[in-house]
Amino acid sequence: RNLSVLTGVLSVAGTKKKAACPGLGLFYTLLSAFLFSVASLFLKKIEDVHSVEVSAFRCIFQMAFVLPGLIYYKTGFLGPKGKRIFLFFRGLLGSSAMILLYYAFQVMPLADATVITFSSPVFTSLLAWIFLKEKYSIWDLLFTLFTITGVVLIARPPFLFGSNVTGIEGSYADHLKGTIAAIASTVSSASTFVILRKVGKSVHYFLSIWYYAVIGLIGCVIALFVMNEWRLPYCGKDRVFLILIGLLGLGGQIFLTKALQIEKAGPVAIMKTMDVVFAFILQILFLNHLPTWWTVGGALCVVASSSGTAIRKWRQSSKKAKQNEI
């Protein structure tokens with residue numbers, strides 16, 4: 001789920017080795033997608049914990065995981081002087097994306113929120129064109145329009161679809177807030193990808209996650225005290241879910257990292273569309289919520305756009321590699 005993880009690892013995936021077992025990288029991607037989807041399901045099952053508090057626990061797990069790596073690789077805790085401002089904004093935008101995504105999961109159907117966040121590659125292409133002056137073709141524009149169509153089908157604004165909107169959780173006001181949060185999360189994730197491209201390989205991946213976790217935790221703690229929402233879950237089941245969300249999120253990141261180390265980014269990005277499939281299956285089986293045809297249509301638009309963007313980038317990088325060999 002955490003698409004900024006996929007984009008972050010791309011910066012360190014340059015030294016890929018041939019997989020010892022064919023398809024192992026894609027299997028790792030599938031496993032990663034499943035773990036992220038189950039973590040999202042547990043988030044839906046938590047009843048008395050604010051999404052910002054869940055994000056704070058996730059950041060603590062991230063810090064605990066990354067700290068030994070920082071010590072082992074002797075990267076320091078601040079990074080190169082010229083890159084610290086980029087790392088700060090990577091941390092700020094990455095953690096904001098996580099908090100907004102968790103909020104979206106809590107107030108709208110699981111599949112709807114997952115599909116919207118899947119539009120991240122399309123927004124990345126647009127932001128890279130604006131800020132990094134990367135090429136933006138007519139195909140990229142077409143994929144962007146397709147993505148917007150998919151998001152509109154899921155959001156179903158009343159001025160287009162009438163006031164009687166079916167297949168949502170709770171009130172339409174909450175559904176709209178969740179949609180806005182999911183879109184904001186997606187744009188934030190895309191922004192972190194652009195920052196990571198700007199930074200390049202000069203900063204270790206662990207340092208990037210460290211900034212994400214530390215800034216996220218500080219932001220979450222401040223927000224919780226301002227909102228007066230900080231409290232331990234009353235129910236033992238919710239505490240177990242919190243720990244599992246942290247562990248599953250970490251597991252998903254590790255397998256995604258391993259996948260990108262032994263497999264090309266294009267096939268991994270396409271295989272990650274299984275996130276959407278798992279979200280639909282888990283929503284039907286465990287949340288007893290059948291997705292509407294609008295959601296299915298929106299999902300097809302967004303997944304087609306994201307896959308198309310990934311395939312184009314993959315082909316372009318393959319062509320460049322061949323030209324360099326010649």
Side-chain angles (χ1 to χ4, degrees), residues 1-14 82-101 103-104 113-152 154-155 179-203 205 208-209 211-212 215-216 219 256 260 265-266 268-270 272-273 275 298 301-317 320:
R1 181 100 32 254
N2 192 350
L3 282 178
S4 63
V5 176
L6 171 62
T7 57
V9 177
L10 289 176
S11 64
V12 294
K83 306 291 182 182
R84 287 174 191 173
I85 186 68
F86 294 113
L87 283 167
F88 171 78
F89 280 109
R90 182 269 181 269
L92 185 66
L93 289 165
S95 55
S96 299
M98 174 181 62
I99 295 164
L100 289 163
L101 177 61
Y103 175 76
T114 303
V115 169
I116 291 173
T117 58
F118 232 80
S119 57
S120 183
V122 178
F123 285 111
T124 301
S125 296
L126 183 61
L127 292 171
W129 171 61
I130 294 168
F131 294 107
L132 301 181
K133 303 294 182 273
E134 290 188 8
K135 191 179 175 184
Y136 191 78
S137 68
I138 191 73
W139 281 105
D140 292 312
L141 178 62
L142 192 66
F143 291 142
T144 303
L145 293 173
F146 243 77
T147 297
I148 292 167
T149 303
V151 171
V152 168
I154 290 166
T179 302
I180 292 167
I183 294 168
S185 170
T186 303
V187 173
S188 295
S189 291
S191 302
T192 62
F193 192 3
V194 172
I195 290 169
L196 286 164
R197 279 191 192 173
K198 179 75 176 174
V199 170
K201 296 175 186 175
S202 59
V203 174
Y205 176 60
S208 176
I209 301 180
Y211 266 83
Y212 168 92
I215 293 170
L256 190 55
L260 279 159
V268 170
I270 295 161
K272 260 194 73 65
T273 56
D275 273 27
C301 286
V302 171
V303 168
S305 303
S306 297
S307 299
T309 302
I311 291 166
R312 269 184 56 76
K313 297 293 179 192
W314 177 27
R315 286 183 65 187
Q316 284 170 2
S317 62
K320 279 183 184 176

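As the structure is a computational prediction, the values presented were derived from the model and not from experiment.
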To the nearest 0.5 Å, tell me how far [X] [atom1] sits from [Y] [atom2].
| X | Y | atom1 | atom2 | value |
| --- | --- | --- | --- | --- |
| Ile183 | Ser188 | CD1 | OG | 12.0 Å |
| Cys301 | Leu145 | SG | CG | 11.0 Å |
| Asp140 | Thr309 | CG | OG1 | 6.0 Å |
| Leu141 | Phe143 | CG | CZ | 11.0 Å |
| Ile180 | Ile116 | CD1 | CD1 | 10.0 Å |
| Ser137 | Arg312 | OG | CZ | 3.5 Å |

Review point. Are Tyr103 and Ile99 close enough that some pair of their side-chain heavy atoms sits under 4.5 Å apart?
Key: no

**Study point:** Donor-acceptor contact below 3.5 Å, side chain Ser307 vs main chain Val303
**Key:** yes

Check your understanding: Can any side-chain N or O of Ser306 pair as donor or acceptor with the backbone N or O of Phe118 at less than 3.5 Å?
Key -> yes

Measure across [X] and [Y] and return the closest heavy-atom pair with its distance rounded to 0.1 Å.
| X | Y | value |
| --- | --- | --- |
| Leu132 | Lys198 | CD2-CD, 4.0 Å |
| Ala182 | Thr117 | O-CG2, 4.4 Å |
| Leu100 | Ala184 | CD1-CB, 3.7 Å |
| Val122 | Ser305 | CG2-CB, 4.0 Å |
| Thr192 | Ser189 | OG1-O, 2.5 Å |
| Ser119 | Thr186 | OG-CG2, 3.3 Å |

Review point. Taking only residues two or more places apart in sequence, or in another chain, which ones meet Ala190 in a side-chain contact (heavy atoms from CB on, under 4.5 Å)?
Key: Ser120, Phe123, Thr124, Leu127

Check your understanding: Do Arg90 and Ser191 get their side chains close enough for a donor-acceptor pair, meaning under 3.5 Å?
Key -> no

Check your understanding: Does Thr144 have any side-chain hydrogen bond (donor to acceptor under 3.5 Å, both in side chains) partners at least two apart in sequence or in another chain, and if so, which?
Key -> Tyr136

Review point. Does CZ in Arg84 sit with more than 12 non-hydrogen atoms of other residues, nucleotides or ligands closer than 6.0 Å?
Key: yes

